[in-house]
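Please read the structure below before turning to the comments.
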Amino acid sequence: MEGGFGSDFGGSGGGKLDPGLIMEQVKVQIAVANAQELLQRMTDKCFRKCIGKPGGSLDNSEQKCIAMCMDRYMDAWNTVSRAYNSRLQRERANM
């Protein structure tokens with residue numbers, strides 16, 4: 001995707017914008033941004049927790065700590081995400 005909101009959104013409709021296409025592209029962009037933020041936060045937290053003295057390589061205990069930290073972070077994120085999505089579905093059903 002080049003430069004944002006150019007002709008990628010319009011399709012071949014003679015200059016008409018397709019709201020459904022725009023909405024889908026925005027959803028994809030939001031999902032990518034959320035994944036990037038998740039990865040950045042996980043990296044920051046696990047680095048601070050597991051790396052005492054940064055150097056040229058990770059020792060065995062640092063590698064294990066990073067792997068376990070990332071696994072726990074992803075498990076927690078998935079649990080929260082499922083609960084959040086479930087709550088959203090219940091609230092939408094009650095509307």
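Fair warning: this is a prediction, and the values are worked out from it, not measured in the lab.
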Side-chain touch Met74/Leu38, heavy atoms, less than 4.5 angstrom
yes

For atom CZ of Arg41, is the number of surrounding heavy atoms from other residues, nucleotides or ligands below 6.0 Å larger than 12?
no

Side chain proximity check, Pro54 to Phe47, heavy atoms < 4.5 angstrom:
yes

Pair Asn85-Gln89, side chain to side chain donor-acceptor pair (under 3.5 Å): steps then yes or no
CA-CA 6 Å; Asn85 286 329; Gln89 288 176 351; over 6 Å; no

Within a strict 4.5 Å, meaning less than it, do heavy atoms of the Arg72 and Met68 side chains meet?
yes

Distance, nearest 0.5 Å, that separates CD of Glu24 from CG of Asp18
10.0 Å

With rounding to the nearest 0.5 angstrom, report the CE to CG distance, Met70 to Asp75.
12.0 Å

Shortest non-hydrogen contact from Asp59 to Ser61?
OD1-OG, 2.9 Å

Would Leu88 and Ile30 show up in the same hydrophobic cluster when neighbours are defined by side-chain heavy atoms closer than 4.5 Å?
no

Would you tell me whether Cys65 and Cys50 have their SG atoms within less than 2.5 Å of each other?
yes

Given 3.5 Å as the limit, does a donor-acceptor pair link the side chain of Glu62 with the main chain of Ile51, or not?
no

Do the side chains of Leu17 and Val28 join up, straight or via other hydrophobic residues, at under 4.5 Å, putting them in one cluster?
no

Are Ser86 and Arg82 close enough, and set up right, to give a side chain to side chain donor-acceptor pair (under 3.5 Å), and what steps lead you there?
CA-CA 6 Å; Ser86 176; Arg82 280 191 299 272; over 6 Å; no

Tell me whether Thr43 contacts the main-chain N or O of Leu39 through its side chain, where contact means a donor paired with an acceptor under 3.5 Å.
yes

